[in-house]
Amino acid sequence: MKVLVTGMAGFIGSHVAEALEAAGHEVSGLDRRPAGGCQAGDVRDAEPLTRSLRGVDAVVHQAAKVGLGAGVSDLPDYASVNVYGTAVLLAAMAEHDVRRLVLASSMVVYGEGAYDCPAHGRVRPGPRAREDLARGVFEPRCPRCGAELTPAAIDEDAPADPRNAYATTKLAQEHLAANWARETGGTAVALRYHNVYGSRMPRDTPYSGVAAVFRSALEAGRTPRVFEDGRQRRDFVHVRDVARANLAALETDTCPGSLTVCNVASGEPHTIGEMAAALAAEYGGPEPVTTGEYRLGDVRHIVATSDRAARDLGFRAEIGFAEGMRDLAVAPLG
């Protein structure tokens, strides 16, 4: 296939392009920061899109403004790049009769992960209160009885509960993709990435993921600072596995006229404290410190079941946590 990768010069997009090319696909790219054969362009601008979509069979849409956001002032930019940009792209795809889409989505659309209450079964706690976080009470409680909860793996049928600008715009992208698929009869797959890490991660910025923040600190000789009590559970998935998931989604014939949603996760959850300690050990220190600090809007636990990706796309992650931490310790950052 001839495939357009938006955001191809970015962290994940560059790995996706390499995986597609290795599988024999003809790959072109569109990015605001052109590099390695990308055309310069913004998905919000119809003119470069028109040039990029000529003769294309499929689009892998990675371009997005990422991270949780630095504040309310970021809201217009998130909505412009992620929502409006995706709408312009989908309209152009319909105009050029491109009928296959793979969309980079995110686990942040879930908000908090899944939890079980001993009295009420599966529940979804609301946002944690600032007062509790300030007192060091980090675990969410049952919204019905206040009991302690047991974290569980979340699946794609869980209701969405986006809690920041990035999460809200990623969910909007999914809705737009579903609308495009219904209107055009196209096939669309949204991949809900969990915590992606690996080479070419962006360095420490307000929009970086925690793995990039820790690695940047180690590289600068600083102690990695772990927020809360370090027991927050996440699923850390290597970027090469994420690239393989995109290849699988591209090559799988899913149901025309609808959106298929799949978690992309390692299936091997770890706490943020464990990740920081493992990475520091591989790097050679300094050892992380747990600070008790918090960010309002962060979720406590979010881990996934990846059964649907295995069933519908034939994808399972291959890079384990220990191997991934060894790789991250020496990987070049973006």
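These numbers come from the heavy atoms of this one structure, side chains and all, not from hydrogens, waters or symmetry mates.
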- Task: Please step through side-chain contact (heavy atoms from CB on, under 4.5 Å) for the pair Val5 and Gln62, ending with a clear verdict.
- Result: CA-CA 7 Å; Val5 179; Gln62 303 289 322; 4.2 Å; yes
- Step-by-step side chain to side chain donor-acceptor pair (under 3.5 Å) determination, Arg99 to Thr187: CA-CA 6 Å; Arg99 293 291 181 264; Thr187 62; over 6 Å; no
- Step-by-step side-chain contact (heavy atoms from CB on, under 4.5 Å) determination, Val189 to Leu191: CA-CA 6 Å; Val189 180; Leu191 301 176; 3.7 Å; yes
- Go through Asn82 and Tyr166 one step at a time and tell me if the side-chain contact (heavy atoms from CB on, under 4.5 Å) criterion holds. CA-CA 8 Å; Asn82 296 355; Tyr166 176 62; 4.0 Å; yes
- Take Val88 and Val43 through the side-chain contact (heavy atoms from CB on, under 4.5 Å) test and state the conclusion after the steps. CA-CA 7 Å; Val88 173; Val43 291; over 6 Å; no
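Side-chain contact between Leu279 and Leu218 is present, with heavy atoms from C-beta onward closer than 4.5 Å. Side-chain atoms of His194 and Ile302, non-hydrogen and from C-beta on, do get closer than 4.5 Å to each other. Counting heavy atoms from C-beta on, the side chains of His301 and Glu139 come closer than 4.5 Å. The closest side-chain heavy-atom distance from Cys117 to Cys145 is below 4.5 Å. Taking 4.5 Å as the limit, some side-chain heavy atom of Glu219 sits within range of a side-chain heavy atom of Tyr283. Looking at Val102 and Val59, their side chains never come closer than 4.5 Å, going by heavy atoms from C-beta outward. Side-chain contact check for Phe11 versus Pro202: some heavy-atom pair is nearer than 4.5 Å. Counting heavy atoms from C-beta outward, Val303 and Arg234 have side chains that stay 4.5 Å or more apart.
A side-chain donor-acceptor contact under 3.5 Å links Asp57 to the backbone of Lys2. Remark: the backbone N or O of Tyr110 is not paired with any side-chain donor or acceptor of Arg163 at under 3.5 angstrom. In this structure, Asp241 contributes its side chain and Glu318 its backbone to a donor-acceptor pair below 3.5 Å. Listed for the Asp31 side chain is no donor-acceptor partner under 3.5 Å among the backbone atoms of Cys38. Distance alone, capped at 3.5 Å, places no donor-acceptor pair between the Tyr115 side chain and the Glu148 backbone. Counting only distance, with no hydrogens or angles, the side chain of Glu287 and the backbone of Thr223 share no donor-acceptor pair below 3.5 Å. No side-chain donor-acceptor contact under 3.5 Å links Lys170 to the backbone of Ala64. At distances below 3.5 Å, at least one donor-acceptor pair connects side-chain atoms of Thr271 with backbone N or O atoms of Glu274. The backbone N or O of Pro76 lies less than 3.5 Å from no partner atom in the side chain of Ser80, so there is not a single donor-acceptor pair.
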Under 3.5 Å donor-acceptor pairs involving side-chain atoms of residues 248-258, not counting sequence neighbours:
residue: Glu251; atom: OE2; partner: His25; partner atom: NE2; Å: 2.7
residue: Thr252; atom: OG1; partner: Ala248; partner atom: O; Å: 2.6
residue: Asp253; atom: OD1; partner: Arg100; partner atom: NH2; Å: 2.9
residue: Ser258; atom: OG; partner: Cys255; partner atom: O; Å: 3.2

Tell me which donor-acceptor pairs under 3.5 Å the side chains of residues 224-231 have, and how far apart each pair is, sequence neighbours excluded?
residue: Arg225; atom: NE; partner: Glu293; partner atom: OE2; Å: 3.3
residue: Arg225; atom: NH2; partner: Glu293; partner atom: OE2; Å: 2.7
residue: Glu228; atom: OE1; partner: Arg128; partner atom: NH1; Å: 3.0
residue: Glu228; atom: OE1; partner: Arg300; partner atom: NH1; Å: 2.8
residue: Glu228; atom: OE2; partner: Arg128; partner atom: NH1; Å: 3.3
residue: Glu228; atom: OE2; partner: Arg128; partner atom: NH2; Å: 2.8
residue: Asp229; atom: OD1; partner: Arg231; partner atom: N; Å: 3.0
residue: Asp229; atom: OD1; partner: Arg300; partner atom: NH1; Å: 2.9
residue: Asp229; atom: OD1; partner: Arg300; partner atom: NH2; Å: 2.8
residue: Asp229; atom: OD2; partner: Arg300; partner atom: NH2; Å: 3.0

Atom pairs and distances, donor-acceptor, side-chain atoms in residues 319-334, under 3.5 Å, two or more places apart:
residue: Asp327; atom: OD2; partner: His238; partner atom: NE2; Å: 2.8

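Residues meeting the salt bridge (Lys or Arg N to Asp or Glu O under 4.0 Å) test with Asp312, sequence neighbours left out: none. Listed by chain and residue number, nothing satisfies the side chain to side chain donor-acceptor pair (under 3.5 Å) test with Ser106 (two or more places apart in sequence, or in another chain). Taking Glu95 as the reference, nothing meets the salt bridge (Lys or Arg N to Asp or Glu O under 4.0 Å) condition, with sequence neighbours excluded. With sequence neighbours excluded, no residue forms a salt bridge (Lys or Arg N to Asp or Glu O under 4.0 Å) with Arg233. For Arg308, the side chain to side chain donor-acceptor pair (under 3.5 Å) criterion is met by Asp157, not counting sequence neighbours. The salt bridge (Lys or Arg N to Asp or Glu O under 4.0 Å) check on Glu47 picks up Arg51, with sequence neighbours excluded. Considering only residues two or more places apart in sequence or on other chains, Ser216 meets the side chain to side chain donor-acceptor pair (under 3.5 Å) condition with none of them. In this structure His61 satisfies the side chain to side chain donor-acceptor pair (under 3.5 Å) test together with Thr6, Thr86, sequence neighbours excluded.
Counting side-chain heavy-atom gaps under 4.5 Å among Ile, Leu, Val, Met, Phe, Trp and Tyr, the cluster of Tyr294 also holds Leu133, Phe138, Leu296.
In this structure, CD in Gln173 is found 9.5 Å from CG in Leu101, a value given to the nearest 0.5 Å. Taking CZ of Arg316 as the start and CZ of Arg311 as the end, the distance is 11.0 Å to the nearest 0.5 Å. Between the CG atom of Leu89 and the CG atom of Leu4 there is a distance of 7.5 Å, given to the nearest 0.5 Å.
Hydrophobic clustering places Met93 together with Tyr84 (ILVMFWY residues linked when any side-chain heavy atoms are closer than 4.5 Å, directly or through intermediates). In the hydrophobic clustering of ILVMFWY residues, with side-chain heavy atoms under 4.5 Å counting as a link, Phe315 and Val239 come out together. Using a 4.5 Å cut-off between side-chain heavy atoms of Ile, Leu, Val, Met, Phe, Trp and Tyr, with links allowed through other members, Met275 and Val242 fall into the same hydrophobic cluster.
Between Val299 and the options Met107, Gln232, Glu112, a side chain to side chain contact (heavy atoms under 4.5 Å, CB included) holds for only Glu112.
The environment of CZ in Arg144 is sparse: at most 12 heavy-atom neighbours from other residues, nucleotides or ligands sit within 6.0 Å.
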